[in-house]
Amino acid sequence: MRTRGFTLIELLVTLAILGLLATAAAPMAELTARRVRETELRHALREIRTAIDAYKQAGEEGRVARAADATGYPASLRQLVDGVPQENDAAKRRIYFLRRVPPDPFYVGPAVSRPEDTWGLRAYSSPPDRPQSGKDVFDVYSTSQAIGLNGTPYSQW
């Protein structure tokens, strides 16, 4: 029996080969998607940490108001986006450290309305092995319990 120039056997073999290729491609597509999300996580962490460091630097240079007993780190991630008035500017124009807070690409939890709520926060006073939030934001970390392709949990990146 011939169907449009192909025999039924040729058609079945072609479909079998296509099915096999699709089956082999699915894990590769999943791996590629995970690598993309890991790249997004690295970029987001770098962006937020750079903004936190810039805020701290601005405080040390006297461009941002800082209480004598304060650590010099921002009180929240939102403060990096909303900006703070410049101390050495008569017009008190604001300094902005982030355009927006990127969301944690591996966040799993209840729906949140603000991307800054997807991150775990570490205060300056908390120990590195047990990060806890506090009066300031010294660092951020992913709250995901998943392990990265490099074998390190995302929360330790």
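Here the structure is a predicted model, which means the values were calculated and not measured.
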Problem set entry | Co-membership, hydrophobic cluster, residues W119 and V108, 4.5 Å side-chain | no
Exercise. Quick one: do I52 and I95 end up in the same hydrophobic cluster if we chain Ile, Leu, Val, Met, Phe, Trp and Tyr together by side-chain heavy atoms under 4.5 Å apart?
Worked result: yes
Less than 4.5 Å apart, side chain to side chain, heavy atoms only: is that true for [X] and [Y]?
{"X": "L121", "Y": "V140", "result": "yes"}
{"X": "V112", "Y": "Y107", "result": "yes"}
{"X": "E87", "Y": "E61", "result": "no"}
{"X": "T118", "Y": "T143", "result": "no"}
{"X": "R122", "Y": "P128", "result": "yes"}

Problem set entry | Residue list, ring-ring contact (aromatic ring centres under 6.0 Å, His included) with Y154, at least two apart or on another chain | F106, W157
Problem set entry | Set of residues satisfying ring-ring contact (aromatic ring centres under 6.0 Å, His included) with respect to Y96, sequence neighbours excluded | none
For this session: Dump the intermediate steps for side-chain contact (heavy atoms from CB on, under 4.5 Å) on R66 and K56, then the final yes or no.
Result: CA-CA 10 Å; R66 184 172 115 177; K56 172 77 168 153; 4.0 Å; yes
Exercise. How many angstroms lie between CD1 in I48 and CG in D139, if you round to the nearest 0.5 Å?
Worked result: 9.5 Å
Exercise. Any Lys/Arg nitrogen of E30 or R34 sitting under 4.0 Å from an Asp/Glu carboxylate oxygen of the other?
Worked result: no
Problem set entry | Which residues share a side-chain contact (heavy atoms from CB on, under 4.5 Å) with R78, sequence neighbours left out | S76, V81, D82, E116
Exercise. Nearest heavy-atom pair of S133 and A123: which atoms, and what distance?
Worked result: C-CB, 3.9 Å
For this session: Mark yes or no for whether Q156, through its side chain, and T152, through its backbone, hold a donor-acceptor pair below 3.5 Å.
Result: no
Exercise. So F97 and D53, side-chain contact (heavy atoms from CB on, under 4.5 Å) or not? Walk me through it.
Worked result: CA-CA 9 Å; F97 300 93; D53 291 344; over 6 Å; no
Exercise. Any idea how F138 and Y124 line up, ring-wise: parallel (<30°), tilted (30 to 60°), or perpendicular (>60°)?
Worked result: perpendicular
